[in-house]
Amino acid sequence: MVRLPRAEPVQAVDAETVASLKQRLDAAAQARLGHGLAVRHVNTGSCNGCELELRALTGVLYDLSRFGLRFVDQPAHADVLLVTGPLTRNLRQALEQAWDATPDPKWVVALGDCAVDGGVFKGEYAVLGGPGAVLPVDLTIGGCPPSPARILAGLRALLEANSP
Amino acid sequence: MNMLPPALRDATMEACQPWARFDLTALQWSALARDPVTLLSAWADTARVYALYRHRPSGLILPVSVAPDDGSYPALSIWHPVAAWYERTIHDLWGHVPAGGDTRPWLDHGHWPQTAVMAARPGPPSVAAEPPEFQEVGDGTFMQWPIGPLTAGIGEAGHLRLTLDGTRIVRAESRLGYTHKGTLLLMRGKSPRVAARFAARLAGDATVAHSVAFAVATEMALTLQAPPRAVALRSLMGGLERIATLLDDLTSLAGLLGDARAHGYCGEQQEYVRRGLAGAFGHRLMMDGVVPGGVAGEPDANGLSVLRQVLDGLAESLLAIRRLFGNGLLAARLSGLGVADRQLVETLGVEGIVAEAGRFGGDAAARCSARLDAIARDTEACIGLLSALPEGPLAIALPANSGEGIGYAASARGTVWHWLRLDHGQIAAVFPTDPGWALWPLAEATLAGAAAGDAAAIQCSLGLPVSGMDL
Ligand code: SF4
């Protein structure tokens, strides 16, 4: 019989990251958001490397549900838009539509070097340089691609910064 | 030479390694397209349009080119439907017009500051962003189901338009290009060392394959060879990448079909491989690990033993994974799902998992077992490589010379081809060909006739890459 793998233990969240995030998220939002976050992934031109690591994060070893994190398919069900890719001009409209469809309060996380500032594609004719070019970005998680552990640390920091 | 197709017998030959390129007249270009050849790729530079064929009777690889006459060249899509997207791409990037072909935009969705950005003289921006045009089906009474460009789950961005008769798919047409990042313009004018960073970011799940094909094309153009230790390490990295990507495919498919056990188990194995790669190569995807001239680094003794442990562990779990996919509800769902037409697989030049699965019925179940076979083969090969790495340097220096070369490498999706021309050590023109170019047309044909509710699982089972062909 196949053994079903179990989630692994994790370390404490970096205190400094939490503190700086706490400052950036206003008090009113804290009360309304509570302890769970629904995350919608938005691909704005990624090379698929960031998606590989995101999919790895949804695996059983990381078990996101114990932190109150879950991925949803509809922006309308999301608290957080997790944006990958350098924001190609061809996907700008799709990102803006996803943003419009996400109810307030909402957060935008730029995931991966491409989404942070365009990464190696910065300044090219076909890209705008990440979601920050058209939307307010609340949190950036760098790396090319960021490891699942790093993504998780960022999302947990966002959660903790939001708890009353 | 007498194996050559007749259309090439009087053609001018240009230096290109390891296969000479035939520079053709428009007549020869069209004549060759009617021969028994499989189109592997087509691209352009400012002065010429190129095609890469495999001549089926002889197995010869044939790079050919034609100079557009007054901006236009004979379309290949009349004989090779798979050429249509290449021709639309060539039109969007270089402005050459395929006479008798489809010139609907492909990569250029009307949002760029210029048109024909790769041409000697780019054009003004197109006036308005066009809504994508799709081909009419039937009398217009069928239902249209547009999916994407942002799709459910965590995946790539592309648009698929399904025409439905009830719950049955009558026709599937895709529109890609959403993730176009301008990679070719970024590579042009750079040294191969610098441009390698862009080759490594064409497709995250085939970063090693693209990097190897690019590096080999560079080395070919310079008539050099990477040192034996680098070649062996490249094979090792390529095998490990295919293993991880194939496990990711199986994980995603199991997740999509709701089998938590298979999803958890494959995902766990994939994660162990990735962690092994981080330990051995300092990067979970081995990005930038392969460079023109050799490799950027190598695992130390500890890294090698970590890899050995991971591969041994994987070899032991493969039987259990096979059982998970071969029995119960998961097997029932996969059986008969998305049967790919064998003839079309051959015509399109599809290789890898999807082509192998054709021997076992060509459905999603066959593709899963072809994946497991490939994982087993690669695991064994990688274990062998680990214990037999040749000694010697990791890389050689690249002279700033000129030349033209072609390189290829096997990714989890099929063969990746890179062509490039160097001018005094700088890239004058380059074109990477991702296996997606052949897989997407196959997906469209495979979806036709299927149940609409199966569309996502069929796509997932085919493993359709986007970014690598969006460039
Ligand atoms: S940050 Fe790196 S891995 Fe992520 S999309 Fe960009 S190039 Fe790919």
Side-chain angles (χ1 to χ4, degrees), chain A residues 1-6 8 39-63 71-75 82 84-95 97-98 112-114 118-128 144-145 147-148, chain B residues 107-109 111-114 117 129 148-157 177-183 185-186 197-198 200-207 244-245 248 251-252 255 260-265 267-268 270-271 274 278 284-285 287-288 317 320-321 323-324 465-468 470:
Chain A
M1 205 55 221
V2 171
R3 172 185 55 88
L4 198 59
R6 290 228 189 92
E8 298 175 316
V39 181
R40 163 65 179 161
H41 162 244
V42 179
N43 182 330
T44 66
S46 151
C47 79
N48 200 26
C50 283
E51 282 66 25
L52 263 179
E53 295 297 54
L54 267 182
R55 285 197 294 272
L57 181 63
T58 61
V60 67
L61 293 179
Y62 296 97
D63 185 15
F71 279 86
V72 294
D73 284 339
Q74 294 297 332
L82 187 57
T84 59
L87 184 55
T88 62
R89 286 179 189 267
N90 289 350
L91 280 166
R92 174 191 185 147
Q93 216 186 349
L95 173 64
Q97 280 175 0
D113 287 351
C114 281
V120 298
F121 304 102
K122 185 163 47 187
E124 191 52 303
Y125 66 90
V127 306
L128 293 165
C144 181
S147 65
Chain B
L107 297 180
D108 186 348
H109 297 194
H111 304 296
W112 301 344
Q114 287 182 313
V117 284
L150 300 183
T151 46
I154 302 169
E156 298 205 78
Y178 289 93
T179 72
H180 177 75
K181 298 178 262 297
T183 308
L185 198 61
L186 280 164
R197 289 184 68 76
F198 302 108
R201 283 158 184 77
L202 281 159
D205 58 14
T207 171
T245 301
D248 182 45
T251 310
S252 298
R261 191 169 284 265
H263 177 260
Y265 201 66
E268 183 193 35
Q270 183 198 347
E271 183 61 15
R274 294 267 175 230
R284 287 168 49 100
L285 276 59
M287 226 172 221
D288 303 319
S317 3
I321 299 183
R323 281 209 200 100
L324 286 170
V466 173
S467 175
D470 275 353

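Side chains are part of it too, since the values below use all heavy atoms of this structure and drop only hydrogens, waters and symmetry mates. In what follows, every chain begins at residue 1, and chains take the letters A, B, ... in the order their sequences are listed.
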If I take atom CD1 from residue B/I154 and atom CG from residue A/N48, how far apart are they, to the nearest 0.5 angstrom?
11.0 Å

What pair of heavy atoms forms the shortest contact from B/K181 to A/G45, and how long is it?
NZ-O, 2.8 Å

With rounding to the nearest 0.5 angstrom, report the CD to OG distance, A/E51 to B/S467.
9.0 Å

Of the listed A/L61, A/V60, A/T58, A/L91, the one with the largest count of heavy-atom pairs under 4.5 Å with chain B is A/L91

Evaluation steps, side-chain contact (heavy atoms from CB on, under 4.5 Å), between A/R92 and B/H111
CA-CA 9 Å; A/R92 174 191 185 147; B/H111 304 296; over 6 Å; no

Considering only heavy atoms and a distance below 4.5 Å, find which of B/Q270, B/E271, B/R197 pairs most often with chain A.
B/E271

For A/V120, which atoms come within 4.5 Å of any heavy atom of chain B: side chain, backbone, both, or neither?
both

Would you call the rings of B/W112 and A/Y125 parallel, tilted or perpendicular, taking 30° and 60° as the class edges?
perpendicular

Side chain, backbone, both or neither of B/E156 within contact of chain A (heavy atoms, under 4.5 Å)
both

One option among A/C50, A/P75, A/G85, A/P145 has the most heavy-atom pairs under 4.5 Å with chain B, and it is A/P145

With a 4.5 angstrom heavy-atom cut-off, could you sort out which part of B/D248 is near chain A: side chain, backbone, both or neither?
side chain

Chain A heavy atoms under 4.5 Å from B/T151: which part of the residue, side chain, backbone, both or neither?
backbone

Identify the two heavy atoms, one from A/H41 and one from B/G155, that lie closest to each other, and give their separation to 0.1 Å.
CE1-O, 3.4 Å

From A/L52 atom CG to B/R274 atom CZ, the distance as rounded to the nearest 0.5 Å
5.0 Å

Of A/Q93, A/Q97, A/R55, the largest count of non-hydrogen pairs under 4.5 angstrom with chain B goes to A/R55

Go through the atoms of B/L285 and report whether side chain, backbone, both or neither lie under 4.5 Å from a heavy atom of chain A.
side chain

For B/R201, is it the side chain, the backbone, both, or neither that has a heavy atom closer than 4.5 Å to a heavy atom of chain A?
both

Tell me if a side-chain donor or acceptor on A/T88 pairs with a main-chain N or O of B/T179 at a distance below 3.5 Å.
no

What closest approach, in Å, do A/F121 and B/L186 show between heavy atoms, and which atom pair accounts for it?
CD2-CD1, 3.6 Å

Atom pair CG/CG of B/L107 and A/N90 - distance to nearest 0.5 Å:
8.0 Å

What are the two closest non-hydrogen atoms of B/G182 and A/E124, and how far apart are they?
O-OE2, 3.2 Å

Heavy-atom closest pair, residues B/P149 and A/A94:
CG-CB, 4.1 Å

Could you report the tightest heavy-atom contact between B/G153 and A/R40, atom names first, then the distance?
O-NH1, 3.9 Å

